[in-house]
Novice: 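Quick one: this structure, given as structure tokens, is what I'll be asking you about.
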Amino acid sequence: MKLAPIRYAAPATMDEAIALLGSCDAKVMSGGQSLMPIMAFRLATPELIVDLKKIPGLDQIVIDDQGVRLGAKVRWCDIESDGRLAQANPLLAEAIKHVAHYQIRNRGTVGGSVAHADPASEMPAIAACCEAVISVIGSKGARKIKAVDFFISALQTSLEADEVITEVLLPAWPAGRRWGFQEFARRRGDFALAGIAAFYDLDGQGCAANAHIAVFGASDRQHRLPGAEAALNGRPVTPETIAAAASAASAEVDPPSDIHAPGEYRRALVETLTERALAHAAK
Amino acid sequence: MNTRPGNSLIGSPVERVEDLRFLRGKGTYVSDFSLPNQLHAVILRSPEAHGVIRRIDTSRARALPGVHAVITAADFGARPPHIPLRLQPLPELAPFHQPVLAFEKVRYVGEPLAVVLADTASIAEDALELIDVEIAALPAVTDRASAERGDSILFEPHGSNRALVWTATRGDAEAAFVKADVVLKERFHIQRHAAMFMEPRGFVADWNAETQRLKVWGAAKVAWTNRRILATAMGLEETAIDMVELDVGGGFGSRGEFYPEDFLIPAAARIAGRPVKWSEDRREHLMCANHARDIEINVEMALAKDGRILGLRGMCYSDNGAYLRTNGSVGPRNVAQFMSGPYKIENIHLQTTMLTTNKTPSGTYRGPGRFETDFARERLIDLAAKKLGMDRAEIRRKNLVADADMPYPLATIQPFESVTELDSGDYHAVFDRCLKEFGWDEKSALQGKLIDGRYHGIAVGSFIEGGAAGPKEDARLALETDGSLTVHLGSSAVGQGLETIMAQIAADSMEMSFDRIRVLHGSTTHVTEGYGSYHSRSTVMGGSAILLAAEKLKDKIRECAAARLGCSKDDVTIDAETVRFKTTSLTFAGLGAEPIEVEATFYNKKYTYAYGTQAAHVSVDVGTGHVRVHDYLSVEDVGRMINPLTLHGQAIGSIVQGLGGTFLEHLVYDANGQILTGSLADYLMPTASDFPNIRSITLELKPSPNNPLGAKGAGEGGIIPVGGIIANAVANALSHLGVEPMELPLSPPRVWALIDAARRAKR
Ligand SMILES: Cc1cc2nc3c(=O)[nH]c(=O)nc-3n(C[C@H](O)[C@H](O)[C@H](O)COP(=O)(O)OP(=O)(O)OC[C@H]3O[C@@H](n4cnc5c(N)ncnc54)[C@H](O)[C@@H]3O)c2cc1C
């Protein structure tokens, strides 16, 4: 479990970083919490590591009328300790509590998680649920990518090899929005066997509107569940509606089996967790 | 710290003297230890589960700058050394001994093929990728079905994948089943898991060509036995080898057994003419260190209408992996011999077939065979209670061995016959104490109750723990010229607080203050012969040896004092580190010009049996299959407690390990014999926050009659009944569904699948 021979660079500017990324088989490093284990197992053997640590300006959480802007280098512990988020995006605050363990939370970052795109990770689920906009920059310039276009498959995104994520924007969160977050993991901090992030607004009649329900850990990427959302929209949020939405959710996923759980278990979990997330939202 | 004179330290909660060193980061584990000029060894391991080795070409690896040598089986002549069995060394098991490097065939993923020696471990790992290995793959044998089919055989000359059958007998099982009012027949399975100590294994070896002496750092558990095996394999005299024990980050039965690396690293040092260091990484540990448990238990229980258990019979199939390792028979054998546990079951015929498969070889892990067999037995007793409509506590009371029946013989096991008996105990008293402390009567109201989305259940069960394996242990005591006492011991430390406990025993027996005592242990340089730490033996065996040595030392001290005080030795009194004759006195310091030394041996043929009862309160989330442990209580009688603090730590730690084996830990293979749990992200261990509600009470009701301390080995205890008790509590919680777990681990997907199947069946 020793790294293969590798070169390391910690450029001071984004321009240098992008140039280095284009120069050879190179990888960006942020917190290193996913990349280092992969390299230790020699599953990835890039020639060059480009560490973002000296590049300024990527570590802020900005809250304005557009929403919450998370710099790519914002760490889980930064989110955890930012009291403003309880108002600005309580779904994010709740979800991040479930990410990994103390030491990892002190290093793991938003940009790293989104770029890594583990199908069971929380941040991409929040990005998918909230319709995040992901800002990236590369040799061809800067662009903004919608979450739905960003996550392609397990560990696969629409990011180019020389592109660096700079920011994740979660659109503004209206007061009174109802939300719920549920995941089930074998132990506290483990990757989820399945999880649900959900919110909806209430229309004038007290019915659900604008429902957003995203699943993670139960397919090859984080994505919304339109069937479950439709089962909710325009209806009063009763136990019956919730049960219908939960049942729609489980019908919409076709989870893979692995050594931790068979697909049918994950499918049942999606139903249970959707029900619980919406019940929390309705409280 | 404590400087209490007299016989007061035994039984006191003395804080571990080791801890200060460890907590300050001052421990020396084998990875911390280095020699100048050392090379680093990395081992090439088989990527195939089963196959014939066609070719190993190391030329490209050897050409890599920084690589000094690549060692293969060819370096050890026509046939590389094979590792003999330490326990139950039956000649019929010789065909299954593991070679130190795969020889002709590979039989599991992870089997050593070659050793690379390089300037750094990183370079050595780079070189691994440059070794060209050609293996002609054979079908992998990965479970009982494929082992029995026999279309692929690990050891062709043997003719089948069946290595040996163990048979435990007592009374007349067939007759008991004829007489029985009720017979239960079930199949249980306990998954493959293993000891996952925090510090992986490692060695540093140094060969001195001039003196033809070898020194090995990193010894643990059974240094003397391993020295003997190593000496034979290397063609050396035993006395030409020193095995040095450093600090040890856990053992649990697995560390310190003789593995291929125990030979390969010293042999590499001799070949290279330079010191060699090897540190096992976690991935290696998961696929190379002993696995354990993996057993199918098919058993029948015969009962009378009144709940008396009349007999047990059945056949178990142990998946032993690719080779028979040094202690690979212990678990399978124990499953058969100890299934009756603390219960009076007079008629037994139980067998275990050991199967060879293309998986990592297995060995002992804390409570070997006992964790497994208790799962089956405690489940059966609850199932029997249900069938007979009896109370689950009552049926156990009815069958526990009574104090008046002691000593109580257990089933005899064959081959390599072992006859043993429960030594002493008031099993009923401990049982009732556990129920009381647990609040059994109050908690009974919770059974099957649905509270906040979770169904609650409780269970209780009893167990025995064997300890104090013979044949003997040595202690050498030296009263130094400064008046301090050095204790040299054959027992070894595996994290159990050995130094503290032995110092307590030495301090009391010499009536000296605790901080005047230094304990040196585990290295072959300390005593002529030592047997080490396994089978919960070091406290009883090493401690008793100290007691004997202390008597001898006091005698010798009187002799020395008599010469100086001009009296007869019988007139000398010893008190508070001072010798006296009438009004003249001399302190221990300066008593002799040389250290005063004695050596004593404690011999033991009989085992001790600590025993206890545990109870659990769990709840099950039927939506996820998650089981929460609300309360777990263990009450154990250890005869005599040396240190309640360290013992408490042993009990709690052991129960947590048992909960790990019950809920989380599972070594998973695919049908090709590839191990799928190659890191701790996939092999799940309990973490600090998983099981917060564990309680342990230790009693001293019935001292063991088999040693002068009256102590019983108690290092494994807690773990033994955990699987059975938790499974019973889960069944109790889900009784409305009729869920009956027969397999471990009780992972959420498994529990959910049981619930789902029960619901479908009801529909
Ligand atoms: C034991 C353990 C448990 C964990 N549990 C969880 C969990 O429960 N939930 C969870 O979500 N995560 C979990 N993680 C992962 C953790 O959250 C990681 O920190 C995170 O996924 C990656 O962030 P990082 O900053 O460490 O990225 P790195 O490891 O540095 O990088 C990861 C990948 O992203 C790329 N990358 C990094 N930053 C950028 C960027 N700005 N632009 C473009 N590409 C970039 C890298 O090239 C690499 O491919 C766990 C990790 C461990 C070790």
Side-chain angles (χ1 to χ4, degrees), chain A residues 1-6 33-34 36-43 45 98 100-104 118 120-121 182-196 217-218 243 246 250 255 257-277 279-280, chain B residues 40 42 64-66 118 120-129 200 279-285 453 621-626 660 663-670 674-692 745 747-753 755-756 759:
Chain A
M1 288 221 242
K2 303 275 184 257
L3 305 191
I6 198 162
Q33 298 304 293
S34 295
M36 291 304 289
I38 290 172
M39 294 199 307
F41 277 106
R42 298 194 178 206
L43 296 172
T45 51
H98 295 262
H101 317 278
Y102 181 79
Q103 290 84 347
I104 295 157
D118 187 303
S121 55
Q182 285 283 322
E183 74 168 59
F184 184 73
R186 294 292 303 273
R187 301 167 302 182
R188 182 88 200 166
D190 280 347
F191 278 105
L193 293 183
I196 293 288
S250 79
S257 296
D258 62 23
I259 59 167
H260 296 298
E264 58 184 26
Y265 172 74
R266 287 196 159 95
R267 182 197 293 281
L269 212 47
V270 166
E271 179 161 359
T272 299
L273 298 176
T274 304
E275 187 160 355
R276 290 178 186 179
H280 176 272
Chain B
H40 293 263
V42 162
L64 187 74
T120 67
S122 300
I123 295 174
E125 283 197 20
D126 296 345
L128 290 186
E129 295 172 12
S279 302
E280 181 184 60
D281 65 32
R282 186 60 65 183
R283 188 173 149 72
E284 285 184 296
H285 181 80
D621 176 349
V622 290
T624 62
H626 178 258
F663 290 118
L664 296 164
E665 301 181 41
H666 192 180
L667 291 158
V668 183
Y669 281 82
D670 70 11
Q674 291 293 332
I675 181 163
L676 303 179
T677 41
S679 81
L680 294 184
D682 289 322
Y683 184 85
L684 306 181
M685 301 280 298
T687 59
S689 57
D690 286 316
F691 303 114
S747 62
R750 172 165 284 139
V751 174
W752 175 83
I755 293 166
D756 190 51
R759 281 180 169 163

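Note that these values count all heavy atoms, side chains included, but never hydrogens, waters or copies made by symmetry. Letters go in sequence order (proteins before strands), and every chain restarts at 1.
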Novice: At a 4.5 Å cut-off on heavy atoms, which part of B:Ala753 comes close to chain A: side chain, backbone, both, or neither?
Specialist: neither

Novice: Minimum heavy-atom separation for B:Pro748 to A:Tyr265, with atom names?
Specialist: CB-OH, 3.3 Å

Novice: Measuring heavy-atom distances to chain B, does A:Asp258 have an atom under 4.5 Å in its side chain, in its backbone, in both, or in neither?
Specialist: neither

Novice: Quick one: are B:Glu125 and A:Leu3 in side-chain contact, heavy atoms under 4.5 Å?
Specialist: no

Novice: Could you report the tightest heavy-atom contact between A:Met1 and B:Arg283, atom names first, then the distance?
Specialist: CE-N, 3.3 Å

Novice: What residue in B:Asp756, B:Asp682, B:Thr687 has the most heavy-atom pairs under 4.5 Å with chain A?
Specialist: B:Asp682

Novice: I'd like to know if the side chain of A:Arg187 reaches the main chain of B:Met685, judged simply by a donor and an acceptor atom lying under 3.5 Å from each other, with no hydrogens or angles considered.
Specialist: yes

Novice: Tell me, out of B:Leu676, B:Asp670, B:Val668, who's got the most heavy-atom pairs with chain A below 4.5 Å.
Specialist: B:Leu676

Novice: Can you tell me how far apart NZ (A:Lys2) and OG1 (B:Thr120) are? Round to the nearest 0.5 Å.
Specialist: 9.0 Å

Novice: For residues A:Arg188 and B:Ser689, report the shortest heavy-atom separation together with the two atoms involved.
Specialist: CB-OG, 4.4 Å

Novice: Would you call B:Leu684 and A:Asp190 a side-chain contact if the rule is heavy atoms closer than 4.5 Å?
Specialist: yes

Novice: If I measure from the heavy atoms of chain A, does B:Arg750 come under 4.5 Å with its side chain, its backbone, both, or neither?
Specialist: neither

Novice: Where on B:Glu129 is there a heavy atom nearer than 4.5 Å to chain A: the side chain, the backbone, both, or neither?
Specialist: side chain

Novice: Under 4.5 Å from any heavy atom of chain B, what part of A:Arg42 do you find: side chain, backbone, both or neither?
Specialist: side chain

Novice: With a 4.5 angstrom heavy-atom cut-off, which part of B:Asp621 approaches chain A: side chain, backbone, both or neither?
Specialist: side chain

Novice: Is any NZ, NE, NH1 or NH2 atom of the basic residue among A:Arg186 and B:Asp690 found under 4.0 Å from an Asp or Glu carboxylate oxygen of the other?
Specialist: no

Novice: Please round to the nearest 0.5 Å and tell me the distance separating atom OG1 of A:Thr272 and atom NE2 of B:His626.
Specialist: 14.0 Å

Novice: Does any backbone or side-chain atom of B:Leu664 lie under 4.5 Å from a heavy atom of chain A? Answer side chain, backbone, both or neither.
Specialist: both

Novice: Between A:Phe191 and chain B, with a heavy-atom cut-off of 4.5 Å, which part of the residue counts as in contact: side chain, backbone, both or neither?
Specialist: neither

Novice: Hey, could you give me the CG/OG1 distance between B:Asp126 and A:Thr45, rounded to the nearest 0.5 Å?
Specialist: 10.5 Å

